There are 2 protein chains.
Amino acid sequence: MTVASKTVSDVIHSHFGVLTRAEKQLAESLLDNYPVSGLGSITTIAENAGVSTPTVVRMVQKLGYKGYPDFQAHLHQEVEATISNPIAKHDRWASNAPGTHILNRFADAIIDNLRQTLTGLDTATFDSVATLLSDRKRNLYFVGGRITGALAEYFFTHMQVIRPNTALLSANSSSWPQYVLNMNPGDLLIIFDIRRYEQELVSLATAAKNSGAEIIIFTDQWASPATKLARHTFRVQIEAPSAWDSSVVTLFIVEALIEAVQNSTWDETKERMKTLEGLFEQTRLFRKLG
Amino acid sequence: MTVASKTVSDVIHSHFGVLTRAEKQLAESLLDNYPVSGLGSITTIAENAGVSTPTVVRMVQKLGYKGYPDFQAHLHQEVEATISNPIAKHDRWASNAPGTHILNRFADAIIDNLRQTLTGLDTATFDSVATLLSDRKRNLYFVGGRITGALAEYFFTHMQVIRPNTALLSANSSSWPQYVLNMNPGDLLIIFDIRRYEQELVSLATAAKNSGAEIIIFTDQWASPATKLARHTFRVQIEAPSAWDSSVVTLFIVEALIEAVQNSTWDETKERMKTLEGLFEQTRLFRKLG
DNA sequence: ACTGTCATGAAAAGATTTTTTCAGTGTGCG
DNA sequence: CGCACACTGAAAAAATCTTTTCATGACAGT
């Protein structure tokens with residue numbers, strides 16, 4: 001198929017000789033700022049080219065398209081090909097894992113999640129959160145649900161090394177009130193709440209907010225109800241070819257935040273890490289001697 | 001004007017919270033393969049998203065556009081900007097994060113880690129481990145180090161739902177001997193040990209092996225000393241543009257294993273999950289009544 | 001100068017898209 | 001349990017787009 005395999009631009013060029021004056025004028029207009037100029041309606045492009053709509057129809061038919069909609073469909077395909085992202089190409093690790101193996105299907109899904117999440121993620125939000133987390137005057141409280149508790153713990157463990165005034169709220173909600181009691185205005189509550197949103201977390205968020213704490217939420221594309229209360233929200237794509245949701249991309253953002261915070265105050269952090277290193281060493285010695 | 005200055009994508013994201021179910025569905029569809037998916041007619045995109053055309057009209061008006069044509073005009077402008085800008089063309093998916101932003105550098109690193117890890121990963125190993133984990137007669141013991149403890153917990157939490165006979169060893173090594181005491185031949189000890197290898201884990205692995213347990217290790221490219229004792233090893237690429245190692249790919253493999261195990265015994269798992277669902281419901285009730 | 005052919009756009013006709021209306025459905029709340 | 005309210009899509013109405021028809025004018029050949 002001539003039309004199918006060649007680009008619209010090619011087709012226009014190859015037919016240029018047989019075009020009439022008005023058609024050439026139209027073709028010029030189309031080629032100028034190609035392919036975007038062909039995105040609008042037939043009326044629009046006719047006006048832009050200074051020709052009548054019938055001229056447009058006649059030309060695209062002369063080029064071999066069924067009609068204007070057909071012509072435009074081809075153009076759309078081309079635009080898609082032009083701007084579709086390189087990550088989408090699945091030619092990478094095909095080597096030793098057959099296409100249908102779960103590892104491959106998972107990898108595809110995760111890359112897709114990553115791409116979509118990053119596309120929808122405002123770097124300003126990320127930077128703001130990093131700045132907030134870097135502020136050592138603010139106390140940090142981490143909390144997660146049944147599944148996401150591990151993510152909260154992971155985040156907490158790192159932040160605890162990097163800076164003081166961090167706390168991990170246990171999964172058991174009975175201990176939460178005492179934390180809320182101690183919250184000061186400006187403190188940060190970092191919540192992980194994904195799918196199966198847990199009602200208790202909304203209550204916690206409300207209480208924390210009333211204490212003046214700021215709330216940062218990691219949630220999924222459907223957004224936890226607690227989102228309304230949040231200062232900043234990370235909406236992460238969590239879909240996997242599985243009965244379970246994927247936390248991979250959430251962890252990705254957590255790690256990026258850890259690095260951003262660490263980086264913003266490296267000098268202080270370095271000292272802390274050295275001291276910590278020494279403490280671990282001592283603990284080890286205790287054990288050996290003990 | 002809000003609408004004029006922000007990208008359509010931004011506008012969708014910022015309004016996401018106030019969108020209804022069908023509208024969210026539509027927004028997802030639009031964002032997926034953005035912005036090409038919004039190039040067609042209102043009918044087309046409604047069909048693609050599985051919603052009605054009135055929903056589309058209502059949403060774009062909610063977003064602040066005068067109507068669908070207005071919405072599409074903005075999209076066209078954006079496509080134009082994207083295509084005519086050669087830098088943006090290069091990496092569309094990261095276009096709203098400048099090239100050197102940490103998110104982008106992290107994403108590159110993670111994708112690289114993933115590729116390398118998968119290249120070096122034998123699917124036979126993966127399948128064997130999945131089979132071992134699926135065997136309900138074997139007791140499962142999970143353990144991790146200071147940082148990787150959260151990964152062990154994540155894995156454990158899921159496996160506990162899927163099958164019986166699972167245990168999470170606390171980070172505190174003093175409780176380990178009693179677990180080892182109860183290990184039977186054929187039991188599985190799943191160890192996470194990355195960089196900063198913890199000597200205690202080697203001792204644990206040795207003791208467990210003497211009890212006849214099989215050992216599965218998640219480690220990094222330099223391999224934990226406990227690897228020698230393991231029946232199966234996952235060597236994960238963990239390098240990140242950070243002072244810290246990345247656990248993202250490790251989590252990826254864990255999730256893939258969870259799915260593989262779950263999948264291999266779906267019928268049994270389904271029953272367990274239903275029962276569990278009921279128990280959670282009851283717990284919630286307890287709390288309300290209590 | 002006459003005639004036939006072709007190019008062109010105005011306008012009508014036809015097709016499709018966009019918007020509005022409205023009734024059914026479900027959900028939350030008292 | 002029932003009411004009020006919001007959400008949703010089917011269908012009608014309105015608007016717009018696409019195609020066809022047709023009249024006009026330009027031009028080449030006779």
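Not measured: the values here are computed from a predicted model. First the proteins, then the strands, lettered A, B, ... as listed; each starts at 1.
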Exercise for review: Examine the base of C/dG26 for any acceptor or donor lying under 3.5 Å from a partner atom in the side chain of B/Arg21, and report the outcome as yes or no.
Suggested key: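 Side chain to base: no pair present.
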
Exercise for review: In whole angstrom, give the distance that lies between atom CG of B/Asp70 and atom C1' of C/dT18.
Suggested key: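 After rounding, the reported distance stands at 13 Å.
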
Point to revise | Whole angstrom value for the distance that separates C1' of C/dT8 from CG of A/Leu26 | key: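 Taking atom C1' of C/dT8 as the reference, CG of A/Leu26 is at 13 Å.
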
Check every atom of [options] against the side chain of [X] and return the nucleotide holding the closest atom.
X       : options                : answer
B/Ser41 : C/dG9, C/dT17, D/dT19  : C/dT17
B/Glu23 : C/dA7, D/dT8, D/dT18   : D/dT8
B/Thr20 : D/dT18, D/dC7, C/dT18  : D/dC7
A/Arg58 : D/dT21, C/dT18, D/dT18 : D/dT21

Point to revise | Residue-phosphate contact under 4.0 Å: A/Thr43 side-chain N/O, D/dT16 OP1/OP2 | key: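 The answer is no; no side-chain N or O of A/Thr43 sits under 4.0 Å from OP1 or OP2.
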
Review point. Quick one: is A/Gln61 getting a side-chain N or O under 4.0 Å of the D/dT20 phosphate, OP1 or OP2?
Key: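 Answer is yes, contact under 4.0 Å.
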
I'd like to know if the side chain of [X] pairs up with that of [Y] as donor and acceptor (distance under 3.5 Å, no hydrogens or angles considered).
X        : Y        : result
A/Ser128 : A/Thr125 : no
A/Thr250 : A/Ser247 : no
B/Glu255 : B/Tyr154 : yes
A/Ser41  : A/Thr44  : yes

Check your understanding: Using a heavy-atom distance cut-off of less than 4.0 Å, which residues of residues 44-57 of chain A contact DNA chain D?
Key ->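 Heavy-atom contacts with DNA chain D come from A/Thr53, A/Pro54, A/Val57.
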
Point to revise | Test applied, side-chain contact (heavy atoms from CB on, under 4.5 Å); reference residue, A/Leu140; option that passes from A/Thr166, A/Asp135, A/Ile216, A/Leu189 | key: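 Single pass found, and it is A/Thr166.
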
Review point. Would A/Asp112 and A/Arg115 pass as an ion pair if we require N to O under 4.0 Å?
Key: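 A salt bridge links A/Asp112 with A/Arg115.
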
